[in-house]
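Before any comments, here is the structure.
Bear in mind the structure is a predicted one, so any value in this text is a computation, not a measurement.
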Amino acid sequence: MIRPLELLAPAKNLACGIAAIDHGADAVYIGAPRFGARASAGNSVADIASLCDYAHQFQAKVYVTVNTIIFDDELEATRQLLTELADARVDAILVQDMALVGNPASSFLPLTSSLPLHASTQTDNRTAEKVAWLRDLGFKRVVLARELSIDEIRAIHEAVPDVELEVFVHGALCVSYSGQCYASQYCFGRSANRGECAQFCRMQFDLVDADGRVIEHNRYLLSLKDLSQIDNLEALAEAGATSFKIEGRLKDADYVKNVTAAYSERLNLLVRRHPDRYRRASLGHCRYTFTPDLQKTFNRGYTNYFANGRRPDIASFDTPKAIGEFVGTVKEIRRDSFTVAGTARFANGDGLCFFASPSALQGFRVNRVEGNRLFPQHMPEKLRPGLRLYRNSDQEFDRLLSRPSAERKIPVTLSLRPTPDGFALSSGDVTVSIQSEHQTAEKPQRENIVRQLTKLGNTPYECHDVNIPADFNYFIPSSQLAELRRELVGRMGMMGRVGTMGRVSEMCNMGVRGDVHSAHSAHIAHPTYPIHLYNIANREAAAFYGVSTPSAYELHPTPEAVLMQCRHCLRYALGFCVRHGGRRPDWHEPLSLRLGDGRMFRLEFDCRHCQMNIYASNT
């Protein structure tokens, strides 16, 4: 069976969502007005409905994030939101809070029974047992933890082949398993599970041992590079991944355009190599006015994370900021300018940066360019010959992306034929007809017919061929040809939208989602979890799990709670993991991270699970 592959792009807003579709996305995920895991990236239901209309023309899909934990006083507002999203014809919602699964023993039954459910990565999906449990709850798709290797993804797919697996392939990385990070709540009163992460992991720390000895000073020890799996798409597809997700619901349209186009082109290559195994999940092909280049988009340096097992270079200890592409080394310095040794071409306004010292990234703007001689707006004090230069703002590239930069069209073949009382025009399974007198043409009509029927203009379609019977010798007024064309285009657009929403309509008619009734007798997927890690924030989720009261950390912070669970390990990253061939450390554990304000966070190395846990220092 030929399997559809979906490129899933982020949408900060309607404009970004349309840009994602135009540049090759098969689906888009976007935040609702409330209850999305990026609190500052909410959108009106009207805009979401407009995005659905646009995406469904290409049989592309729109998924809406409703993936925060929900408090008791927000339950009714959430249910109303779900009603509005169903009316907007969204294709699925991403969920973290199990209140939205529905509890048959309660009077609160949300309308997720008419909306396909995707289990957000916030539900901490790292084992086949958890994925099977979610499937039994009625989840159609599970978004896997970013930390999983390709082999682990394959094992999950083989164990649970009847659920779609969505994997992150590009963008910023959370250092903690998603849904299991409470550091921002602990330090700043801002809950990551409520979409308000304060990016604790992008801060500077000292690494201190039990004797107070400083092992690392003022480094970004929890800041990871950005994910890039563009070279692993085929391996991920073979492992069973269905959807390839680009992170970035806070990113602007230029990021969405470039990254979506780069991954779409790579997926197209994969489909062309294996047409008997894969196809794209939506319709249409794209033409770009630019050459996609991931190095020109915001990144902290790239890593494929744990795709092929543990690697030592996944973190960006020296800066949490974008470095950009390497463009050469400083060659000669004058009073107001310098030259660059390299092959890169520069433009007025480019943003460049360099490391003046470890952990000290310095940036500047180029005011004027004369070949390889650059005149900065202000000459950087610490610039010196031999330093490596990076460009994190490319004016020429940004200028291309600021304009209309892609066109997406669905190729169609049109067929015109006479009927007993007029003419019919068809494309694929769609046919329209008009009543018209058959008038014998006095001169050949094919050229005019083709010209009129192929005026598809701003529609999503482009005509590759027009089939007309060899003996067709009728005169049809141009107005009637235009009427046929407009009606066919309208009908094809409607068919695309209906086809996309078929599963939702079917579920609405069923009234309930298939297996939801059996969910509440299922065992909890991770019975060894401390109770706060289930993120139970309301009475409905408490009833779902069979506990008496909500226990989320946001409601009941406990001093002994683990604040972060990380596959990233500082022992390993610094070369001191004996298990993986590192040298034996001379420090005395436990180690702690120390913020600039003096707050301490104890590290626990759980070697049995190859995991680093972070606790508040008073435990």
Problem set entry | Charged N-O contact under 4.0 Å between Lys61 and Glu6 | no
Exercise. Can Asn613 and Glu604 be counted as having a side-chain donor-acceptor contact under 3.5 angstrom?
Worked result: yes
For this session: Taking atom types as modelled, find out whether Gln565 and Arg126 have a side-chain donor-acceptor pair closer than 3.5 angstrom.
Result: yes
Problem set entry | Verdict with supporting geometry, Leu294 and Asn299, side-chain contact (heavy atoms from CB on, under 4.5 Å) | CA-CA 8 Å; Leu294 295 178; Asn299 70 87; over 6 Å; no
Problem set entry | Test item: Phe397 and Phe290 side chains (from C-beta on) under 4.5 Å apart, heavy atoms | yes
For this session: Using the side-chain contact (heavy atoms from CB on, under 4.5 Å) rule, take Val143 and Ser120 through it: C-alpha gap first, then chi angles, then the decisive distance, then the call.
Result: CA-CA 5 Å; Val143 187; Ser120 169; 5.5 Å; no
For this session: Assess whether atom CD of Glu381 is packed by more than 12 heavy atoms of other residues, nucleotides or ligands within 6.0 Å.
Result: no
For this session: Quick one: sort the Tyr390 and Phe355 rings into parallel, tilted or perpendicular, breaks at 30° and 60°.
Result: perpendicular
Exercise. Sub-3.5 Å donor-acceptor pair from the side chain of Arg194 to the main-chain atoms of Ile69, do we have one?
Worked result: yes
Exercise. So, His118 versus Tyr63, ring centres under 6.0 angstrom or not?
Worked result: yes
Problem set entry | Closest approach of Ala561 to Tyr615 (non-hydrogen atoms, all atoms of both residues) | O-CD2, 3.6 Å
Exercise. Without hydrogens or angle criteria, can the side chains of Tyr534 and Asp124 be said to hold a donor-acceptor pair below 3.5 Å?
Worked result: no
Exercise. Do we get Lys225 above Tyr302's six-membered ring, with its NZ or CZ under 6.0 Å from the centre and within 45° of the axis?
Worked result: no
For this session: Report the C-alpha separation of Asp597 and Arg599 in whole Å, then their side-chain angles, then the decisive distance to 0.1 Å, and conclude whether the salt bridge (charged side-chain N to carboxylate O under 4.0 Å, His left out) test is met.
Result: CA-CA 6 Å; Asp597 62 7; Arg599 281 183 287 183; 2.9 Å; yes
Exercise. Under the 3.5 angstrom rule, does the side chain of Asn258 hit a backbone N or O of Asp293 as a donor-acceptor pair?
Worked result: yes
Problem set entry | NZ/NE/NH1/NH2 to OD/OE distance under 4.0 Å, Arg571 and Glu589 | yes
Exercise. Any side-chain donor paired with an acceptor under 3.5 Å for Thr339 and Asn372?
Worked result: no
Problem set entry | Test item: side-chain donor near acceptor, Glu164 and Thr242, under 3.5 Å | no
Problem set entry | Validation row: Leu591, Ile215 side chains within 4.5 angstrom (heavy atoms) | yes
Exercise. Are the side chain of Tyr305 and the backbone N or O of Val169 linked by a donor-acceptor pair below 3.5 Å?
Worked result: no
Problem set entry | side-chain hydrogen bond (donor to acceptor under 3.5 Å, both in side chains) assessment of Ser405 paired with His23 | CA-CA 8 Å; Ser405 51; His23 288 74; 2.8 Å; yes
Exercise. Below 6.0 angstrom between ring centroids: does that apply to His170 and Phe244?
Worked result: no
Exercise. Are side-chain N/O atoms of Ser264 and Arg280 paired as donor and acceptor at under 3.5 Å?
Worked result: yes
Problem set entry | Validation row, ring centre Tyr182 to ring centre Tyr553 under 6.0 Å | yes
Exercise. Does Phe200 have its ring centroid less than 6.0 Å away from the ring centroid of Phe205?
Worked result: yes
For this session: Kindly write out the residues that satisfy salt bridge (Lys or Arg N to Asp or Glu O under 4.0 Å) with Glu554, not counting sequence neighbours, or none if the list is empty.
Result: none
For this session: Would you name the heavy atoms of Pro10 and Ala20 that are closest together and state the gap between them?
Result: O-CB, 4.4 Å
Exercise. So, are Arg373 and Glu332 salt-bridged, with charged N and O less than 4.0 Å apart?
Worked result: yes
Problem set entry | Residue pairs, two or more places apart or on separate chains, that pass salt bridge (Lys or Arg N to Asp or Glu O under 4.0 Å) and touch residues 296-312 | Asp226-Arg300, Lys296-Glu325, Lys296-Asp394
For this session: Taking the side chain as every heavy atom from C-beta outward, state whether Leu14 and Asn43 have any pair of such atoms under 4.5 Å apart.
Result: no
Exercise. Just by distance, with hydrogens left out, do His568 and Ser176 show a side-chain donor and acceptor under 3.5 Å apart?
Worked result: no
For this session: Establish, from distance only, whether the side-chain atoms of Arg403 and Thr289 form a donor-acceptor pair under 3.5 Å.
Result: no
Problem set entry | side-chain hydrogen bond (donor to acceptor under 3.5 Å, both in side chains) partner of Gln122, chosen from Asn67, Thr68, Asn535, Asn193 | Asn193
Problem set entry | Tyr255 versus Gly171, closest heavy-atom pair with distance | OH-CA, 3.7 Å
Problem set entry | Nearest heavy atoms of Arg365 and Gly351, plus distance in Å | NH1-N, 3.7 Å
Exercise. Step by step, would you call Thr329 with Leu389 a side-chain contact (heavy atoms from CB on, under 4.5 Å)?
Worked result: CA-CA 6 Å; Thr329 57; Leu389 279 178; over 6 Å; no
Exercise. Can His588 and Asp209 be counted as having a side-chain donor-acceptor contact under 3.5 angstrom?
Worked result: no
For this session: Using a 4.5 Å cut-off on heavy atoms from C-beta on, say whether the side chain of Leu383 contacts that of Met379.
Result: yes
For this session: Check step by step if side-chain hydrogen bond (donor to acceptor under 3.5 Å, both in side chains) holds for Arg190 and Ser184.
Result: CA-CA 5 Å; Arg190 292 172 53 178; Ser184 182; 5.1 Å; no
Exercise. If you look at every heavy atom in Ala237 and Leu5, which pair is closest and at what distance?
Worked result: CB-CD2, 4.2 Å
Exercise. Does the pair Glu152/Arg567 count as a salt bridge with the N-to-O cut at 4.0 Å?
Worked result: yes
For this session: Report yes if some heavy atom in the side chain of Val366 is under 4.5 Å from a heavy atom in the side chain of Pro376; otherwise report no.
Result: no
Exercise. How close do Val175 and Cys566 get, heavy atom to heavy atom, and via which atoms?
Worked result: O-CB, 3.4 Å
For this session: Scan side-chain atoms only and decide if Asn125 and Thr123 contain a donor-acceptor pair under the 3.5 Å cut-off.
Result: yes
For this session: Step by step, work out the salt bridge (charged side-chain N to carboxylate O under 4.0 Å, His left out) result for Asp206 and Arg213.
Result: CA-CA 10 Å; Asp206 291 338; Arg213 172 188 167 199; over 6 Å; no
Exercise. Once you round to the nearest 0.5 Å, how far does CE of Met203 lie from CG of Leu595?
Worked result: 5.0 Å
Exercise. Do Ser393 and Asp350 touch side chain to side chain, with heavy atoms closer than 4.5 Å?
Worked result: no
For this session: Would you check, one step at a time, whether the test side-chain contact (heavy atoms from CB on, under 4.5 Å) holds for Val330 with Arg384?
Result: CA-CA 7 Å; Val330 178; Arg384 62 179 185 273; over 6 Å; no
Exercise. Does Phe168 reach the side chain of Leu148, with side-chain heavy atoms less than 4.5 Å apart?
Worked result: no
Problem set entry | Heavy-atom side-chain proximity of Tyr572 to Pro312 below 4.5 angstrom | yes
Problem set entry | Salt bridge present between Arg219 and Asp318 (N-O < 4.0 angstrom) | yes
Problem set entry | Working for salt bridge (charged side-chain N to carboxylate O under 4.0 Å, His left out), residues Glu247 and Arg146 | CA-CA 11 Å; Glu247 181 277 339; Arg146 294 170 173 87; 5.7 Å; no
Exercise. Does one side chain, of Ser617 or Arg602, offer a donor that lies under 3.5 Å from an acceptor on the other?
Worked result: no
Exercise. Is Arg584 positioned over the aromatic face of Phe576, cation under 6.0 angstrom from the ring centre and no more than 45 degrees off axis?
Worked result: no
